[in-house]
Amino acid sequence: MLKTDVRYLKGIGPVRGRQLSRLGIETIYDLLLHVPRDYHDRRSITPILNLVPGKEVNVSGTVVSSVYLKSRNGKRRLESIVRDDTGEVKLTFFHFSYIAGRLKPGVRIVASGKIDFFGTISIVHPELIFLDEPGSDTRLVLPLYPLTAGLTQGIMRKLIDTVLGEYVSKVPAILPPETLISMGFQNRSEVIRKVHFPDDPEEGRRARRTLALEELFVHQSLLNYVRTQAAKRAGINMNPPDGSLAEFINGLPYSLTGAQNSILEVIAADLRRNVPMRRLLQGDVGSGKTVVAAAACSLCCRSGYQAVLVAPTEVLASQHYRTVKGMLEPAGIRCGLLTGGTKTSQRRDLLESLLDGSLDVLIGTHAVFEERVVIPEMGLCIIDEQHKFGVEQREKLLSEREPSPHFMLMSATPIPRTLAMTIYGDLDISVLDEMPPGRGRTTTRIMNRDSRSSVYEFLLNRIGRGERAYIIYPLREASEELDLKDAATSYEILKRGPLGNFGVGLLTGAMKPEDKLEVTGKFISGEISILVSTTVVEVGLDVPQATVMVVTHAERFGLSQLHQLRGRIGRGGGDSWCFLMKSEDCGAEGARRLAVLDSTDDGFRIAEQDLQLRGPGEVAGTRQHGIPAFRIASLIDDSDLLEKAASMAAGSDLWESLRGEYILRFRGLDILEL
Ligand code: ADP
Ligand code: MG
C-alpha cells in the first residue's frame, strides 16, 4: 500500500503529480519520508512594539478592523489591523477568498511572516492561526518542506497530514525497538509523525536523525550482505612458486617504498586464501600503485592463472600496457592490450591467445568486459581509477564466475572515511600512504589574472630548458552561456604564439581515441612540450618531465580535482610549479577554497575539505561512483550515525527483511537480482 502512486490520492491530479515528481515523490511512502528541511516555531511571540522590518516573527493579537481596498490597477486587497497590548500591525492579503469573513473584529489570531514596512509596519500574506475557531490548524510548530514551483507549504502540510492519518500506522519497522527507545520514540510510526509535526523543533530534529540512522542502516545492511555473500564464494587458492615476489621486486629499477612492500604482503596473503580478495587500494597520485598491480599480476600468473588490468581510458590503458609489460615480460609473462580501438585482426589474435592460455595478462579498457572476451583462467581482476565501477558492477563481475576471481580496485581519489564506508563498504580498504623517494617539490601558487604574463614567461623559461607543461581549462570548447576560456580556442591561440615553437598539443575528452593516443604519445616523447587540456588528464598520466601546470579559472574546479590535476607534475626528480589562476569574479569564498591547496598536499585532508564545502557529489571522481541517493541522511552532518549504522548492520542479519525496504527507498538496484 505504501507503494501506491501518489496520483491515486484524492486531490492530486496530473499537475500536482508532476510537481511532486520533481521533488522525487512518486509513492505514498515517498511522501511520508519527505522530511521537513526546518520548522517554523510559532511559540515565541514578538510584541508588536518590537517589530523590525525584515525579521520573521509571530504576532498574537485581536483583529481591530478589516477592510477591502481597491488599488489603482483595479486589484483588490484585504487589509486587517491587529492589536496587542503594545501596538498595532497591518496584515495585507491579495488572495483572500479562504479567509474572507474570518478576520472579523474581535477575532483572536497568531500571524506569522516577514515584517515589511509599507507606510506602517505590516505583514504580507502571513500564516494564520485562528485561536477561537474549532478545527483550525493550531499547531504551534509547523514543518517547512523543500518545495518546487506551484507547491506551497500549506499544500504540502495538508497532503502529508492526510497521508499520515491514513498510512503512518502501516509502515514496517526497521530499527530495533531498543534503538528507537534510546532516541526517544516508541515506534517508527511515532518517529514519522513527529518528524512532520513535532511538539517542538528539537523533537523534530531528533526524529529526522532517527530516520537518517534508519536509512544508513538499510544501506549498510546491503553492503554487509554483499560482503558476507562474497566471503561464502569459492575463491582461488593461489600458490606462486617460492621467491616469486622477491624475484619481481629484484627486477625493478628502484626499491619499493615501505608502504608498497607491506601492501604487497597483504595482497600476497589474500591471493593464497580460498576466499576471493575484495580490496580497495587507495593511494594519492604518484604513490606508485601501478607497480603494486603489476606485482599482483605476476603472482597470479606465476600461479598459473590469467590476470586482467582495466583502465578508464585508452591513453591510460596503453600507458599501463607499456609499464606493466616492461616489468613482466622479462620474466616470461606475456601481456596484451585490448581497447575499443584495437584492430579486428589483432583482436582476433588476442582472443585466441587468451583462450589457449598463451596470453597471461590482459590490459585494456572496458572493452575487456565484452561478452566475446573469454578469459578462461581469470584469477585476478584489477580495476584502476574506474569510478563507475560501483557495487553493482563489482557484484556482476565477481558473482558470475565460479570460482570467483580475486579483485582489487585502485584509486587515487582520497575519500573521506564516511564516503568510503558508503561507496566501498563491501571492500577491504588499504591505503598506500608513502610517496616514493626522490621526488622534487611541487610549489602551488594562486595567481590573479594580472600576473598572467609573468606566469607565461616563467612557463616559457622552463620549456626552454626542455621541461614540459600542462595548461588546463574548465571547458573543452567555447560555450555561449559561460564566459570562460576553453581548451580548443586557447590551443589555436597558443600554438601561434611564442609557445608554438616548442610544440603545443590539444587533448580533450571529445577527441577520437586514436587522436588522444597520438597527442599523449607526442607529449611523452617530447615532440610537443605543452599539452592544452581539460580535466581528462586528471588521472593516471605519468610524464616525469612535466614540471609546470597552469590551471585557468581554477576556482571552478573541486579541490580534490585540482589536487589530482596537480599530481600530473612533480613526478621527476626536479622541482615543479602549479599555478592556479583565479578568475576576475572568483570572490572571497573561492579564494579561501583555493588557499587550502596552497596549505597542504595531503589528499585526504583536501577531500575532507571538499566534502565539507561542496558536498559528497563533488569530491573528485565520486560523482559517478553511485553515491546512493540518500533522501534523509547527510554524509556530512550524520557521519556519527554512519558509524553506528555500520556496526549495527555488521551485527545483524536482517537483510532479507530489509530487501523490500531497500527497493522502495533506493528504487531498486541490479544487485538485488543476484
Ligand atoms: P599512481 O599511484 O598515481 O598510479 P604510478 O604508479 O603512476 O602512481 O607511479 C608514479 C611514478 O612513480 C612512476 O613513474 C613510477 O615509476 C614511480 N615509482 C613507483 N614506485 C616507485 C618507487 N618505489 N621508487 C621510485 N619510483 C617509483
Ligand atoms: Mg595510476
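Just so it is clear, the structure is predicted and the values come from calculations on it, not from any experiment. In what follows, every heavy atom counts, from backbone to side chain, and hydrogens, waters and symmetry copies are set aside. Indexing begins at 1, ligand by ligand and atom by atom, following the structure's order. Numbers for residues simply follow the sequence, beginning at 1.
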For this session: Kindly determine whether Asp284 and Asp601 satisfy side-chain contact (heavy atoms from CB on, under 4.5 Å), including the steps that lead there.
Result: CA-CA 10 Å; Asp284 215 337; Asp601 46 38; over 6 Å; no
For this session: Step by step, work out the side-chain contact (heavy atoms from CB on, under 4.5 Å) result for Arg476 and Asp486.
Result: CA-CA 5 Å; Arg476 130 181 124 205; Asp486 66 280; over 6 Å; no
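- For Arg233, the CZ atom counts as densely surrounded, since its 6.0 Å shell holds more than 12 non-hydrogen atoms of other residues, nucleotides or ligands.
- Annotation for ligand 1: atoms under 4.0 Å from non-hydrogen atoms of Arg571 are 3 (O), 7 (O), 10 (C).
- Salt-bridge annotation for Lys522 and Glu518: present, with a side-chain N of the basic residue lying under 4.0 Å from a carboxylate O of the acidic one.
- Each of the atoms 23 (N) of ligand 1 lies under 4.0 Å from some heavy atom of Thr257.
- Checking only distances, Gly286 does come within under 3.5 Å of ligand 1, N or O to N or O.
- Using a 4.0 Å cut-off between heavy atoms, Thr290 contacts ligand 1 through both its backbone and its side chain.
- Neither the backbone nor the side chain of Pro544 comes within contact range of ligand 1; no heavy atom lies under 4.0 Å.
- At a heavy-atom distance under 4.0 Å, no atom of Met410 approaches ligand 1.
- Residue-ligand proximity, Val285 to ligand 1, at heavy-atom distances under 4.0 Å covers atoms 3 (O).
- Residues passing the side chain to side chain donor-acceptor pair (under 3.5 Å) test with Asp428 are Arg227, sequence neighbours excluded.
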Could you give the side-chain donor-acceptor pairs of residues 329-341 under 3.5 Å, partners two or more places apart or in another chain?
{"unit_1": "Glu329", "atom_1": "OE2", "unit_2": "Cys335", "atom_2": "N", "d": "3.1"}
{"unit_1": "Arg334", "atom_1": "NE", "unit_2": "Ser358", "atom_2": "O", "d": "3.0"}
{"unit_1": "Arg334", "atom_1": "NE", "unit_2": "Asp360", "atom_2": "OD2", "d": "3.2"}
{"unit_1": "Arg334", "atom_1": "NH1", "unit_2": "Ser358", "atom_2": "O", "d": "3.2"}
{"unit_1": "Arg334", "atom_1": "NH2", "unit_2": "Asp360", "atom_2": "OD2", "d": "3.3"}
{"unit_1": "Thr339", "atom_1": "OG1", "unit_2": "Glu314", "atom_2": "OE1", "d": "3.2"}
{"unit_1": "Thr339", "atom_1": "OG1", "unit_2": "Gly341", "atom_2": "N", "d": "3.1"}

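- Side chain of Gln612 to backbone of Gln609: no donor-acceptor contact under 3.5 angstrom is found.
- Heavy atoms of Ser255 come nearer than 4.0 angstrom to ligand 1 in at least one pair.
- Atoms of ligand 1 lying under 4.0 Å from at least one heavy atom of Leu256, given by number and element, are 23 (N).
- Remark: ligand 1 and Gly288 share an N or O pair separated by less than 3.5 Å (distance only, no angle test).
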